[in-house]
Amino acid sequence: MSSDQFHLNFSLMSPGHYRAAWRLADADPYAYLDVDHYVRLARIAEEAGIDAVFQGDSPALGPDIATGTSGGLDGFTLLAVIAGATERIGLLPTVSTTYSTPYSLARRFQTLDHLTRGRAALNVVTTGNPAAAANFGASAHPDRDVRYRRAHEFLDVITRLWESWEPDAIVADKATGRFGDRGRIHAVDHHGEFFDVAGPLPVPASPQVRPVVSQAGETPAGLELAAEYADVVFAAGHTVAKARASRDDVRARARAHGRDADSIKYSLGVIVLVGTDQEDAERRHAELDATLPPIEHLVSALLSSLGLPAGAFGPDDVIRSADLPAEPNLGAFSVGTYNNTRAVLAEGPRTLRELVAHTAGIGTHRLVAGSPEHIADDLESWWRQGAADGFTVMFADTRVDLERFATLVVPILKERGLFHREYPQGTLRDRLGLPLPAARSARRPVASTAGK
């Protein structure tokens with residue numbers, strides 16, 4: 001990725017960030033289970049030169065299944081299928097460090113990276129939904145501090161597993177019959193608070209040395225995890241000032257870990273609703289707003305996420321930053337919602353109705369609705385102000401807005417020189433402008449017979 005261009009990842013969440021877009025007259029409510037739907041979207045994204053397709057995940061059924069899809073298909077399996085139907089686009093599923101094991105995950109992603117010739121990536125989360133615990137035999141969901149301690153150890157272990165083979169460990173000398181040099185294949189022998197892992201992996205180092213690691217998290221613990229291990233930070237930002245400050249923060253933390261700040265990319269999430277023109281965007285916006293739950297329900301959910309009691313404000317009551325608790329509730333499902341809402345209110349008071357509209361009703365990422373030129377202008381402005389190194393683009397109604405963004409917005413970005421016209425050669429890591437990772441682990445041969 002050129003330093004004067006930004007990256008673009010596409011979310012495949014279906015039906016979209018308007019979770020009840022399945023209610024529209026021409027929508028298929030079952031498309032989120034249809035492989036042809038996802039393959040079509042991925043091919044459109046690849047044709048536009050998009051860097052990677054992204055799939056979120058939760059290892060538990062959410063409470064919103066009554067009104068829309070909740071979770072859905074396993075992201076790794078879905079993107080592995082998409083890998084076989086595409087050739088160049090990166091593959092970025094979400095995985096939980098709280099409800100996965102390092103060895104199994106490291107092996108699967110190293111395998112995917114080999115089979116896709118360097119297109120594998122993973123977005124790590126610690127899982128905020130406490131309902132997940134009972135699905136994995138746990139009596140209780142770990143608190144935030146425990147989840148992040150586990151995540152640090154998890155990423156340390158998988159990194160060392162991915163590096164357990166040196167690049168030249170396969171000799172394949174037909175004359176002598178010597179295939180692998182055991183002296184270049186190393187045990188991990190990890191014994192920690194959460195994991196005991198011997199290693200090594202049964203598969204060699206991958207085309208990227210190790211898959212690209214993305215991390216999402218707004219707390220100080222999440223930023224520290226990203227600064228030490230992540231190649232890409234997946235973030236929410238509702239104001240330029242907040243996004244720029246967060247990007248600067250994580251880059252400074254990366255330097256404190258001895259990393260080049262440019263070795264970590266800040267990917268800002270944004271929901272887009274693409275109209276053929278402004279009038280069309282406004283029409284579609286009204287149609288999608290009509291699929292949302294009653295405004296009172298949305299306001300109640302927002303108040304809860306902000307640590308405010310139900311009924312404290314009505315939909316059209318004005319709220320100011322001073323009305324929020326001084327600190328976010330670290331036990332809340334999303335600290336990001338609190339932080340970003342505070343940033344919006346710092347720029348001026350809003351009504352609860354306006355705050356709900358700002359995020360397509362779900363409170364995580366900001367919504368940009370308008371003509372292709374308007375959306376291109378918005379992304380360019382945020383990037384030029386230092387708010388992001390690129391964007392993870394999410395869609396109001398994925399079946400419509402993904403194709404419109406790919407065919408109407410991306411050409412504008414290419415014409416302005418903001419996005420590559422053709423896929424750069426090499427792996428996903430190369431395309432994102434990420435350096436080859438330096439080895440983190442001490443070398444320990446597998447056995448005393450190594451090299452014989």
Side-chain angles (χ1 to χ4, degrees), residues 6-21 50 52-58 62 64 68-69 71 92 94 123 125 128 214-219 222-223 226 232-247 250 265-274 281 285 288-289 291-292 298 301-302 305-306 328 332-345 347 350 352 354-370 374-375 378-379 381-383 385 387-398 401-402 405 409:
F6 52 69
H7 69 259
L8 291 172
N9 302 326
F10 274 7
S11 168
L12 297 179
M13 177 187 280
S14 294
H17 279 259
Y18 274 86
R19 302 300 296 274
I50 301 307
V53 284
F54 165 77
Q55 181 75 352
D57 190 42
S58 173
D64 51 358
T69 62
L92 179 55
T94 297
N123 180 53
V125 297
S214 168
Q215 192 271 343
E218 287 277 330
T219 65
L223 293 172
V232 177
V233 177
F234 174 42
H238 291 193
T239 69
V240 169
K242 165 67 169 60
R244 185 169 55 222
S246 295
R247 177 175 178 263
V250 78
K265 304 299 180 184
Y266 196 78
S267 188
L268 198 61
V270 58
I271 306 167
V272 300
L273 190 161
V274 187
H285 198 174
L288 285 163
D289 277 349
T291 71
L292 290 171
L298 296 171
L302 178 58
S305 69
L306 297 176
F333 192 79
S334 175
V335 173
T337 298
Y338 171 92
N339 289 338
N340 281 296
T341 302
R342 177 173 282 281
V344 170
L345 295 178
E347 296 188 343
R350 303 284 187 97
L352 271 293
E354 289 172 330
L355 290 175
V356 167
H358 187 68
T359 61
I362 61 172
T364 306
H365 297 277
R366 71 186 183 101
L367 170 68
V368 182
H374 172 77
I375 292 169
D378 180 275
L379 298 185
S381 174
W382 280 60
W383 176 72
Q385 293 180 78
D389 297 300
F391 301 91
T392 295
V393 185
M394 296 164 282
F395 304 99
D397 181 357
T398 301
D401 290 304
L402 184 148
F405 189 96
V409 180

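No hydrogens, no waters, no symmetry mates; every other heavy atom, side chains included, goes into these values.
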Query raised in the report: If every non-hydrogen atom of A388 is compared with every non-hydrogen atom of L268, which pair is closest and at what distance?
Result: CB-CB, 3.8 Å

Requested in this report: Mind checking side-chain contact (heavy atoms from CB on, under 4.5 Å) for A301 and listing every partner two or more places apart, or none if nothing turns up?
Outcome: none

Report summary line: Correct closest heavy-atom pair for L367 and A357 would be CD2-O, 3.9 Å

Query raised in the report: For A387, what residues pass the side-chain contact (heavy atoms from CB on, under 4.5 Å) criterion, not counting sequence neighbours?
Result: V240, A243, W382

Requested in this report: Specify the closest pair of heavy atoms between H238 and N340, including all atoms of both residues, with the distance to one decimal.
Outcome: N-OD1, 3.2 Å

Query raised in the report: Judged by atom type as modelled, is there a donor-acceptor pair below 3.5 Å linking the side chain of T392 to the main-chain atoms of G269?
Result: no

Query raised in the report: Is there a donor-acceptor contact under 3.5 Å from the side chain of D389 to the main chain of Y266?
Result: yes

Requested in this report: Give a yes or no answer on whether the side chain of H7 reaches the backbone of I50 with a donor-acceptor pair at less than 3.5 Å.
Outcome: no

Query - Pair H365 and F391, ring centroids less than 6.0 Å apart - result: no

Requested in this report: Return the minimal non-hydrogen interatomic distance between T239 and A343, and the atom names on each side.
Outcome: CG2-O, 3.6 Å

Requested in this report: List the atom of Q215, the atom of A226, and the distance in Å for their closest heavy-atom pair.
Outcome: OE1-CB, 3.3 Å

Query - side-chain hydrogen bond (donor to acceptor under 3.5 Å, both in side chains), paired with Y18, selected from T291, D289, D397 - result: D289

Query raised in the report: Atom CG in L379, atom NE2 in H374: separation rounded to 0.5 Å?
Result: 9.5 Å

Report summary line: Output for pair (I271 CD1, D401 CG), nearest 0.5 Å, gives 10.5 Å

Query - From CG (L12) to CG (L92), nearest 0.5 Å - result: 10.0 Å

Query - Minimum-distance pair of heavy atoms, taken over all atoms of I375 and G370 - result: CD1-O, 3.7 Å

Report task. Would you sort out whether T69 and R19 count as a side chain to side chain contact (heavy atoms under 4.5 Å, CB included), showing the intermediate values? Result -> CA-CA 7 Å; T69 62; R19 302 300 296 274; 3.7 Å; yes

Query raised in the report: Distance from L8 atom CG to F6 atom CZ, nearest 0.5 Å?
Result: 5.5 Å

Query raised in the report: Mind checking what makes side chain to side chain donor-acceptor pair (under 3.5 Å) contact with T398, not counting sequence neighbours?
Result: none

Query raised in the report: Which distance, rounded to the nearest 0.5 Å, do you find between the CE of M394 and the CZ of R366?
Result: 10.0 Å

Query raised in the report: Roughly how far, to the nearest 0.5 Å, is CZ of F395 from NE2 of H17?
Result: 9.0 Å

Query raised in the report: Does the side chain of N123 pick up a donor-acceptor pair with the side chain of S214 at under 3.5 Å?
Result: yes

